[in-house]
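None of these values were measured; they are calculated from a predicted model. Counting starts at 1 for both ligands and their atoms, following the listed order.
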Amino acid sequence: MFQPVGSAEEEEEQAEEDCPELVPIEAKQREEEENSNPAAKIPVTIITGYLGAGKTTLLNYILTEQHNKRVAVILNEFGEGSAVEKSLAVSQGGELYEEWLELRNGCLCCSVKDNGLRAIENLMQKKGKFDYILLETTGLADPGAVASMFWVDAELGVDIYLDGIITVVDSKYGLKHLAEEKPDGLINEASRQVALADIIIINKTDLVSEEDLNKLRTTIRSINGLGKILEAQRSRVDLSNVLDLHAFDSLSGVSLQKKLQHVPATPPHLDQSIVTVTFEVPGNAKEESLNVYIQNLLWEKNVRNRDDDCMEVIRLKGLVSIKDKPQQVIVQGVHELYDLEETPVSWKDDTERTNRLVLIGRNLDKDILKQLFIATVAETEKWWTTHFKEDQVCP
Ligand SMILES: Nc1nc2c(ncn2[C@@H]2O[C@H](COP(=O)(O)OP(=O)(O)OP(=O)(O)O)[C@@H](O)[C@H]2O)c(=O)[nH]1
Ligand SMILES: [Zn+2]
């Protein structure tokens, strides 16, 4: 795991902020508990989406569907009370709110008002009582920050892993939210959530015409060329499409290879600042240079496009060939965090060795990104150093 210096401390500080003490569950001992493998890691799926898009509806749906999983739910409220969340707890458990609840089907439910980290740590003390975690963020949350939590916290990483990010989009208001301009020139929350998603659920399709739905679908695709788009009413989707995705680990290596070959070049969209860029460069990458390449993009943020705008990468994904490594390496990035991990898949022969990268973000210029990458792979420092202007680091 690579992270810019300072983040770990910041996370630490955040974790210090108060979180309600969680009430232990007096649950009956389960037979499965004895049989369950204590070393097995628990998947966490983040459910995000703009206010009212249908996140809680999705949670409710998952909790009531047959899936043979004992799901623990964490509602991340960031201090904003919500009647809807209350109704979830009540309708499912018929009891208290803001505490741990054991639902009738054995699922656990919790509501927290901090960044969720402490809640998950506490939850892990109930290990063996559940085998899946769903975390709903608030509508205005940046899911990247929540996702980063699982990467930064090494201790947590022993017990759980990030399985995927689901973004629920409201059919009726989705386009409006995506087009919203923020006064400070920042990327709006709705776009950020779509950019980060592994799965995008276009929900409430009952409320719009086929024409409007097409527009929304096209816009979403133009932002995120990699994520899977599903359409739903009442957030009812096939659960095999949203759970156990392994979107962030090397297990996704095999499927990722196929997927990366079919990422559509996203059409330029006038009012859309976030795009997906993908390119392929055959050959080997030198690990050190690859780190420099990624760090310049994610940390130094000193890579600019032709208009001299800074490139902002929100999500990065790829399969690369590292010199002297027999196995394919998966690259994952969310905001400033990234990771290189060997997959179980080996390169068959040297002619096959190649690097495929997908970047989702703002002001991205495919040619410049590719040229920089070629400079890395070919280990020619010249073009490289002339292109980074140390004194022109973006804010
Ligand atoms: N017409 C229609 N309404 C829906 C659909 N799905 C959800 N709703 C309604 O939309 C409202 C918001 O749904 P929630 O699931 O609470 O949305 P949320 O994203 O959790 O909302 P916040 O947590 O407040 O941001 C509720 O009144 C739902 O009943 C749908 O497919 N069609
Ligand atoms: Zn909700």
*Asks:* Among all residues two or more places apart in sequence or in another chain, which pass the side-chain contact (heavy atoms from CB on, under 4.5 Å) test with N68?
*Replies:*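 Once residues adjacent in sequence are excluded, N68 has no partner under the side-chain contact (heavy atoms from CB on, under 4.5 Å) criterion.
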
*Asks:* Would you say the rings of F248 and Y161 are close, in the sense that their centroids are separated by under 6.0 Å?
*Replies:*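 Ring centres of F248 and Y161 not closer than 6.0 Å.
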
*Asks:* Heavy-atom distance to atom 22 (P) of ligand 1: which of G54, A232, G52 wins?
*Replies:*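 Heavy atom nearest to atom 22 (P) of ligand 1 belongs to G52.
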
*Asks:* Taking ring pair (Phe, Tyr, Trp, His ring centres under 6.0 Å) as the cut-off, I'd like each qualifying pair that reaches into residues 170-206, sequence neighbours left out, listed once.
*Replies:*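 Output for this query lists Y50-H177.
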
*Asks:* Counting heavy atoms only, which of V208, T57, D170 is nearest atom 15 (O) of ligand 1?
*Replies:*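 The nearest heavy atom belongs to T57.
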
*Asks:* Is the shortest N/O to N/O distance between L51 and ligand 1 below 3.5 Å?
*Replies:*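 No; the residue has no nitrogen or oxygen that sits under 3.5 Å from a nitrogen or oxygen of the ligand.
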
*Asks:* Determine whether any heavy atom of G49 lies closer than 4.0 Å to an atom of ligand 1.
*Replies:*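 Per 4.0 Å heavy-atom rule, G49 does not contact ligand 1.
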
*Asks:* What angle, to the nearest 10°, do the atoms OG1 (T56) and OE2 (E136) form about the Zn ion (ligand 2)?
*Replies:*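 Here the angle at the metal atom is close to 100°, to 10°.
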
*Asks:* Do I202 and L216 come within less than 4.5 Å of each other through their side chains, counting heavy atoms only?
*Replies:*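 They are in side-chain contact.
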
*Asks:* Does a side-chain heavy-atom distance below 4.5 Å link I187 with E312?
*Replies:*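 Heavy-atom side-chain distance check passes, below 4.5 Å.
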
*Asks:* Could you check which of E136, R234, K204, K172 puts a non-hydrogen atom nearest to atom 28 (C) of ligand 1?
*Replies:*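 Looking at heavy atoms only, the winner is R234.
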
*Asks:* Around atom NZ of K348, are there more than 12 heavy atoms of other residues, nucleotides or ligands at under 6.0 Å?
*Replies:*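 Atom NZ in K348 is not crowded, with 12 or fewer foreign heavy atoms closer than 6.0 Å.
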
*Asks:* Please confirm whether S235 comes within less than 3.5 Å of ligand 1 when only nitrogen or oxygen atoms on both sides are compared.
*Replies:*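 No.
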
*Asks:* Side chains of I47 and L59: closer than 4.5 Å at any heavy-atom pair?
*Replies:*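 Yes. Closest side-chain heavy atoms under 4.5 Å.
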
*Asks:* Find all atoms of ligand 1 within a distance of less than 4.0 Å from any non-hydrogen atom belonging to L207, and give their numbers and elements.
*Replies:*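 Every atom of ligand 1 under 4.0 Å from some heavy atom of L207: 1 (N).
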
*Asks:* Side chain, backbone, both or neither: which part of D206 has a heavy atom under 4.0 Å from ligand 1?
*Replies:*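 The answer is the side chain of D206.
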
*Asks:* May I ask you to check if ligand 1 and Q233 share an N or O to N or O distance below 3.5 Å?
*Replies:*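 N/O-N/O distance under 3.5 Å: no.
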
*Asks:* Is it true that Q328 and S321 share a donor-acceptor pair across their side chains at a distance under 3.5 Å?
*Replies:*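 No, no side-chain donor-acceptor pair sits under 3.5 Å.
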
*Asks:* Any N/O/S atom of T57 sitting less than 2.8 Å from the Zn ion (ligand 2), backbone or side chain?
*Replies:*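 It does not: T57 brings no N, O or S atom closer than 2.8 Å to the Zn ion (ligand 2).
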
